[in-house]
Amino acid sequence: MKVVVLSGGVGGARFLLGVREHFAGTDADITAIVNVGDDMWLTGVRIAPDLDSIMYALAGVNDTERGWGRAGETERVSAELRAYGVGWPWFTLGDLDLGTHLTRTHYLREGLGLAEATRRITARWPLGVRLLPSTDQEVETHVHTADGVMHFQEWWTRHRAALPALEFEYRGVVDARPAPGVVEAIGAADVILVAPSNPVVSIGPILAIPGIRAALTAAAAPVVGVSPIIAGAVVRGMADACLTAIGVDTSADAVALHYGSRTNGGLLDAWLVDETDSAGIPTLSAAGIRAAAVPLWMTDPATTAAMVSAALELGAQPGS
Ligand code: FO1
């Protein structure tokens, strides 16, 4: 079975742990198409937070308490960079993490694309999931606020998404193309899952890459999304600040309607919501999105695997 997952970083990583768990012991081929909108150049290195969050989580070397970066991390280089006054004082590059950024930068400087650099970097660990960046081009999310325009990382980590966002701009997207393997993976998939990642700054920049939406629309496989919103609140992160900015309510139904039904040129065939959000199912059905409700808390890989199993069942049902 060929499984494609559209994914952001931390939430996507948890979801992918469940996908891998669900298919453990089978010959399933799992590909994650990962957001690059959070990526940036800083102190001479290329940082790809979502690719790295997923790689570290699947490799079991992530810092589960802090939610990002490597476990057992030290910050000696970062302290030196601060002493020199370079980089962002509010953005810490751990020493182990810097090893990843240096390796990536080395490959990019040799002329490889991000997809090939990622293939070589991830070969270090038996992840059980192939990680594909959505694009090899540099597409970076910038946030327009009343205080000016800034890179997504500055808005997110320095301002904790507290500055009201007026607009999200996926800078560079018009010239971007899907990374090698992305369109092929979508076309060959038996099922396409949309992780419960931030719809605006994680899934949004993937869908905005010219060619990806068309590939999803044309795919033979069902597209099943999992709600990142439970009972009107974000499961993690600050997605509500992003949804408000684009005029979408923080509710499971509103996010599904924002993605839209494939029957009307949108993204989804089906949408999995939490049990507490089951009241919205008839509205979604009326909009051409088949929906079901199950517990959506991704407390551990086994619980998440049960959720993945429900998403696959929903995807396999005949169309609405
Ligand atoms: N998040 C923080 O809140 N503070 C940091 O200093 C920080 C550093 C950092 C370095 C590398 C990396 O891959 C991620 C890092 N993150 C940090 C997490 C990141 O800013 C965001 O959580 C994601 O980009 C949003 O998904």
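Atoms within a ligand are numbered from 1 in the order they appear, just like the ligands themselves.
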For [atom], what is the closest protein heavy atom, and at what distance to 0.1 Å?
atom: atom 22 (O) of ligand 1; result: Trp156 NE1, 3.5 Å
atom: atom 19 (C) of ligand 1; result: Gln153 OE1, 3.6 Å
atom: atom 14 (C) of ligand 1; result: Pro49 CB, 4.0 Å
atom: atom 3 (O) of ligand 1; result: Arg160 NH1, 3.2 Å
atom: atom 11 (C) of ligand 1; result: Asp97 OD2, 3.3 Å

Side chain, backbone, both or neither: [X] near ligand 1, heavy atoms under 4.0 Å:
X: Trp90; answer: backbone
X: Asp50; answer: side chain
X: Thr92; answer: both
X: Val10; answer: neither

Name each donor-acceptor pair under 3.5 Å that joins a side chain in residues 302-313 to protein atoms two or more places apart or in another chain, with its distance.
unit_1, atom_1, unit_2, atom_2, d
Thr303, OG1, Thr299, OG1, 3.3
Thr303, OG1, Asp300, OD1, 2.7
Thr303, OG1, Asp300, OD2, 3.2
Thr304, OG1, Asp300, O, 2.9

Report yes if the side chains of [X] and [Y] come closer than 4.5 Å at any heavy-atom pair, otherwise no.
X: Glu140; Y: Phe152; result: no
X: Pro210; Y: Val173; result: yes
X: Thr141; Y: Trp156; result: no
X: Leu114; Y: Asp39; result: yes

Q. Out of Ile186, Thr135, Leu6, which residue meets the side-chain contact (heavy atoms from CB on, under 4.5 Å) rule with Ile212?
A. Ile186
Q. Do the side-chain N and O atoms of Arg82 and Thr92 include a donor-acceptor pair separated by under 3.5 angstrom?
A. yes
Q: Take every heavy atom of Thr157, measure it against each atom of ligand 1, and state whether any distance is under 4.0 Å.
A: yes
Q: Consider every N or O of Asp38 and every N or O of ligand 1, then say whether any pair is closer than 3.5 Å.
A: yes
(Q) Regarding Glu116 and Arg120, does a basic nitrogen lie under 4.0 Å from an acidic carboxylate oxygen? (A) yes
Q) For atom 4 (N) of ligand 1, which of Phe91, Trp68, Trp88 has the closest heavy atom? A) Trp68
